[in-house]
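Worksheet: the structure to be examined is printed underneath.
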Number of protein chains: 2
Amino acid sequence: MSLDHALLVSLLEKPSSGYELARRFDRSIGYFWHATHQQIYKVLARMEEAGWISGELQAGEAAPDRKLYSVSRAGRSEVARWLAEPTEPEGVRDSLMVKLRGAAFGEAGALIPELEHHRALHANRLTAYRVIEARDFSGTLDRQRALQYQVLKSGIRYEQGWLEWCEEAIALLHGHEQDPPRREKK
Amino acid sequence: MSLDHALLVSLLEKPSSGYELARRFDRSIGYFWHATHQQIYKVLARMEEAGWISGELQAGEAAPDRKLYSVSRAGRSEVARWLAEPTEPEGVRDSLMVKLRGAAFGEAGALIPELEHHRALHANRLTAYRVIEARDFSGTLDRQRALQYQVLKSGIRYEQGWLEWCEEAIALLHGHEQDPPRREKK
DNA sequence: GCTTGCACTGCAACTCGTTGCATAGTATCT
DNA sequence: AGATACTATGCAACGAGTTGCAGTGCAAGC
């Protein structure tokens with residue numbers, strides 16, 4: 001498991017409260033590792049217990065109290081350990097693909113709106129990434145920025161691939177739209 | 001959740017035992033929706049309970065007994081229902097990306113073997129897909145085959161993207177190999 | 001003064017998924 | 001005869017992740 005490590009890296013980049021992390025996981029890091037706030041609070045509590053991070057309570061004047069976490073020495077060495085340890089690629093799980101195979105046994109045309117929805121979402125993400133790219137990663141980059149940019153580039157490639165694939169799939173289904181659904185028995 | 005539906009679609013394509021499904025999930029469908037055999041047996045039991053599939057025990061002569069499942073009428077309509085229902089894209093979770101961001105706080109060069117490992121894996125997958133493509137999807141395709149091919153194409157695109165990205169990332173890290181790790185304090 | 005909304009944290013219950021183990025028969029090699 | 005490996009199914013325990021709810025406190029609008 002690795003939400004732990006995603007949070008540690010996030011906290012190395014910037015000490016934060018659970019809430020801040022949760023919002024960061026709706027953008028930025030969250031594009032490559034999503035998590036809900038409940039999950040985040042749970043893992044933060046566990047990591048504080050384990051001594052990887054320490055939380056400092058800050059009484060807010062004009063804002064609610066918040067607990068600012070930062071990575072301890074033990075947490076840093078845990079990150080180093082984890083970096084050195086090999087990881088296998090995550091298994092893919094994509095329900096659209098399953099649906100497309102399932103479409104052979106139903107109304108394939110019914111999937112077109114779904115595909116168009118996905119195309120729109122991926123197009124939006126791609127645009128968002130392009131904006132970030134232009135804003136944060138033009139000109140010369142220091143080491144940290146260069147690495148972050150490389151991560152962003154994988155996102156760009158990914159969304160672009162999806163976009164093209166969606167177009168193809170939509171065209172395919174349009175071609176088959178009039179065909180009767182395949183039936184195996186009566 | 002959707003292992004249920006992945007199994008239903010798999011069973012529509014071919015009635016099978018749990019064991020067969022488990023092996024199928026190591027190839028084919030499994031490239032787009034992975035699952036272990038325990039998980040599969042559990043879900044099969046639940047779906048039989050729910051009446052979506054029915055299992056017929058087959059006494060093997062030269063082989064162990066097996067339970068052959070096939071999709072019932074109720075299961076078929078569940079698939080149809082699910083196909084019509086919109087699904088959001090799955091959230092990405094990629095530990096390599098997190099590691100790359102984490103590398104800014106450690107020995108970035110240490111990630112090179114890891115990246116090379118991933119590159120090799122993605123290259124293997126790509127080759128495997130190309131073999132399947134040449135073997136099963138050349139010439140004219142019926143509706144079902146065309147849809148399966150479209151699914152395979154997403155896999156090809158995906159692995160190819162990864163491959164290119166890995167090359168880029170390795171080149172980047174080689175460039176930074178001599179740099180000292182970035183430190184925030186002390 | 002009351003509602004709505006946002007910043008902020010968390011518990012409880014549940015489902016999903018993984019890991020490890022158990023069992024049992026058949027086939028093959030040595 | 002014994003070791004190894006494959007087909008085949010499953011339980012039990014645990015950890016990861018989701019969903020729903022609950023609470024505080026501040027600020028803004030009506």
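In this text, all values refer to a predicted model and were calculated from it rather than measured experimentally. Reminder, nothing fancy here: chain letters follow the sequence lines and each chain counts from 1.
- Closest approach of His37(B) to Ala22(B), counting heavy atoms only: CB-CB, 3.7 Å.
- Arg24(A) is linked by a side chain to side chain contact (heavy atoms under 4.5 Å, CB included) to Ser10(A), Lys14(A), Ser16(A), Leu21(A), Ser28(A), counting only residues two or more places apart in sequence or in another chain.
- Contact check, Tyr41(B) against dT9(D): a side-chain N or O comes under 4.0 Å of OP1 or OP2.
- Candidate nucleotides dC8(C), dG17(C), dC16(C) were compared by shortest atom distance to the side chain of Leu3(B), and dG17(C) ranks first.
- Protein atom NZ of Lys42(A) is 13 Å distant from nucleotide atom C1' of dC14(D), rounded to whole Å.
- Rounded to a whole Å, the CZ atom of Arg46(A) is 16 Å from the C1' atom of dC11(C).
- For the side chain to side chain contact (heavy atoms under 4.5 Å, CB included) with Leu11(A), the lone residue among Leu44(A), Val79(A), Leu68(A) that qualifies is Leu44(A).
- Residue Tyr19(A) shares its hydrophobic cluster (ILVMFWY side chains chained together at separations under 4.5 Å) with Tyr41(A).
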Report, one pair per line, the protein and nucleotides 20-23 of chain D atoms (nitrogen or oxygen only) whose separation is under 3.5 Å.
from: dG20(D); atom 1: O6; to: Gln38(A); atom 2: NE2; distance (Å): 3.3

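- Between the CD atom of Gln58(B) and the P atom of dT9(D) there is a distance of 10 Å, given to the nearest Å.
- Computed from coordinates, the Ile40(B) CD1 to dT18(C) P distance equals 10 Å when rounded to whole Å.
- Regarding contacts with the backbone of dT7(D), a side-chain N or O of Tyr19(B) is found under 4.0 angstrom from either OP1 or OP2.
- Residue-level contact check: Lys67(A) touches the backbone only, with heavy atoms under 4.0 Å from sugar-phosphate atoms and none from bases.
- With sequence neighbours excluded, the residues forming a side chain to side chain contact (heavy atoms under 4.5 Å, CB included) with His118(A) are Leu96(A), Glu114(A), His122(A), Cys166(A), Pro89(B), listed by chain and number.
- OP1 or OP2 of dT7(D) has not a single side-chain nitrogen or oxygen of Ser17(B) nearer than 4.0 Å.
- One can place CG of Leu7(B) at 13 Å from C1' of dC16(C), the figure rounded to the nearest angstrom.
- In this entry the distance linking CG of Asp4(A) with P of dG15(D) reads 13 Å, nearest Å.
- Listed by chain and residue number, Leu126(A), Tyr129(A), Arg130(A), Glu133(A), Leu152(A), Gln160(A) satisfy the side chain to side chain contact (heavy atoms under 4.5 Å, CB included) test with Ile156(A) (two or more places apart in sequence, or in another chain).
- Side-chain N/O atoms of Arg93(A) include one lying less than 4.0 angstrom from OP1 or OP2 on dG17(C).
- At whole-Å resolution of the value, CD in Glu90(B) and P in dT18(D) are 11 Å apart.
- For Arg24(B) and dA8(D), the CZ to P distance is 13 Å, given to the nearest whole Å.
- Counting only residues at least two apart or on different chains, the salt bridge (charged side-chain N to carboxylate O under 4.0 Å, His left out) pairs with a member in residues 81-91 of chain B are Glu78(B)-Arg81(B), Arg81(B)-Glu85(B).
- Side-chain nitrogen and oxygen atoms of Arg23(A) include none within less than 4.0 Å of the OP1 or OP2 phosphate oxygen of dC6(C).
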